[in-house]
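Right, one structure below, let's go through it.
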There are 2 protein chains.
Amino acid sequence: MTVPLKHRTLSAAIVDRLRQAILAGTYPAGTQLRQDAMAETYGVSRIPVREALFQLEAEGFVRIVPHKGAIVSELSLDEINDVFDLRCLLEPRLLSQSVPRFAEADFAALDAIQVRFETAIAAGDVAQWGVINAEFHMALYTRARQPRTQSIVAALLQTSDRYTRLQLSSTAAMGIAEQEHAELIRQCRAGRFDEASGYLVGHIEAVRADLLRVVARSGAAGGETNSRSVALE
Amino acid sequence: MTVPLKHRTLSAAIVDRLRQAILAGTYPAGTQLRQDAMAETYGVSRIPVREALFQLEAEGFVRIVPHKGAIVSELSLDEINDVFDLRCLLEPRLLSQSVPRFAEADFAALDAIQVRFETAIAAGDVAQWGVINAEFHMALYTRARQPRTQSIVAALLQTSDRYTRLQLSSTAAMGIAEQEHAELIRQCRAGRFDEASGYLVGHIEAVRADLLRVVARSGAAGGETNSRSVALE
DNA sequence: CCACGGTAGATTTTATACAATCGATGAGTC
DNA sequence: GACTCATCGATTGTATAAAATCTACCGTGG
């Protein structure tokens with residue numbers, strides 16, 4: 001939705017590649033991203049890299065300090081909870097506004113995404129998983145007349161993806177998500193919107209719970225202050 | 001909060017000046033912002049202008065089409081309602097998380113902002129009004145451990161400001177806001193957090209109602225689709 | 001008369017080069 | 001021995017110039 005079809009500009013391409021690299025853990029949290037090095041790595045000049053970093057800062061992936069550079073954002077427990085709280089708050093609101101307006105074509109689009117979802121899971125494609133998952137959620141909300149909420153949730157889904165990649169190595173968790181998505185489609189088609197909203201919250205909470213379990217196990221970080229970061233290995 | 005104290009870089013300065021110009025209506029919605037003209041106007045090169053436009057796109061003030069340029073975003077009724085709905089949803093949440101953790105210094109900071117608020121209103125400084133109003137609201141939420149929500153609300157307040165400037169020419173409305181802020185401080189100091197949350201919602205809803213009244217009077221735009229724009233005069 | 005193709009102008013996008021700023025390291029002094 | 005100050009190195013920030021792209025207009029052909 002953010003990117004129409006394919007990259008029309010170099011900066012946008014670098015944004016995607018850098019985002020994927022951060023999501024994949026190529027650049028762990030705390031890494032300093034030097035414009036010069038990025039430029040050479042991707043075979044472009046520094047200007048596209050620069051603009052990509054600014055874009056990623058707006059998306060919350062990096063933090064830019066003037067004259068010091070861009071560093072990959074830390075993942076704090078406070079922000080994990082905040083992000084998932086926001087999703088539980090905003091997504092059901094979008095769902096109940098959007099789905100009642102659905103036409104058959106919208107359901108068909110949903111089904112198409114679901115098929116690609118299953119394919120990606122069968123192939124074990126973790127990178128595609130997050131992208132398609134976000135696509136699915138946003139497709140549920142296309143008919144909502146809440147443009148600002150939609151763009152916020154789109155950003156939250158990307159952040160969510162970054163967290164989730166620490167955990168969803170197992171195909172099992174991905175399979176559960178697939179089943180829950182299918183159930184969501186069924187409920188929406190049946191017109192049971194309230195039930196679907198509740199189910200959606202459960203779906204989000206399940207992912208959060210799993211994620212927090214993994215975090216609590218790996219790092220002994222207590223969620224005291226907001227600068228506490230999650231240990232990455 | 002976003003800008004520490006003063007501009008450490010040219011781009012940031014251009015961002016502020018452009019944002020103020022858009023807020024003030026110097027560049028109405030739909031205006032095409034040519035990098036060349038902006039650069040000459042502000043006496044800088046095109047690169048800072050460019051980066052400023054990207055930043056403003058992330059903030060939702062302009063829309064950038066590749067190879068075509070940046071145009072000032074339209075103001076749709078759907079987005080007005082969306083923005084104020086979000087504020088009513090998120091701000092009380094921040095308040096009830098933040099204020100119970102307040103120390104005396106936090107209340108003192110609030111009082112200081114309130115003083116500047118009164119001064120700006122007395123001087124009839126509309127530009128400062130929006131800035132200080134946002135400062136006040138964000139100061140209420142400093143102790144909340146919800147970094148993502150905080151940055152989202154900060155952006156919502158800026159957008160709000162843009163809408164509000166269409167309406168708040170009268171010192172009367174600004175005076176009402178001032179009194180409501182004072183009342184909010186009182187309730188928070190007294191530890192009546194639930195009451196303060198409710199009052200905050202009322203405060204936001206009042207601004208929304210006024211704004212919608214003005215919009216309905218000036219432009220005959222019905223909030224049908226999301227591309228419907230508000231007429232500016 | 002309408003539609004298609006080509007050319008010219010303008011604008012954005014990218015690359016290269018230069019200047020300013022920050023952090024650190026080292027010497028010098030109290 | 002500890003602290004202050006200055007110089008050095010590295011990195012970012014900015015300006016200037018070339019390349020790619022799009023829009024609009026004009027002419028030609030059907």
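Labels below follow one simple rule: chain letters A, B, ... track the order of the sequence lines, proteins then strands, and each chain is numbered from 1.
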Do B/R145 and A/D82 meet the salt-bridge criterion of a basic N to acidic O distance under 4.0 Å? no
Around atom CZ of A/R93, are there more than 12 heavy atoms of other residues, nucleotides or ligands at under 6.0 Å? yes
Between B/T9 (side chain) and B/A12 (backbone), is there a donor-acceptor pair under 3.5 Å? no
Validation: residues 42-54 of chain B side-chain donor-acceptor distances under 3.5 Å, sequence neighbours left out:
from, atom 1, to, atom 2, distance (Å)
B/R50, NE, A/E51, OE2, 2.4
B/R50, NH2, A/E51, OE1, 3.3
B/R50, NH2, A/E51, OE2, 3.4
B/E51, OE1, A/R50, NH2, 3.4
B/E51, OE1, B/S11, OG, 2.9
B/E51, OE2, A/R50, NE, 2.4
B/E51, OE2, A/R50, NH2, 3.3

Pair A/Q114-A/E178, side chain to side chain contact (heavy atoms under 4.5 Å, CB included): steps then yes or no: CA-CA 8 Å; A/Q114 180 72 358; A/E178 175 192 327; 3.8 Å; yes
At under 4.0 Å between heavy atoms, how does the protein contact nucleotides 12-25 of chain D? Give one character per nucleotide, 5' to 3', with B, S or -. BBBBB----SS---
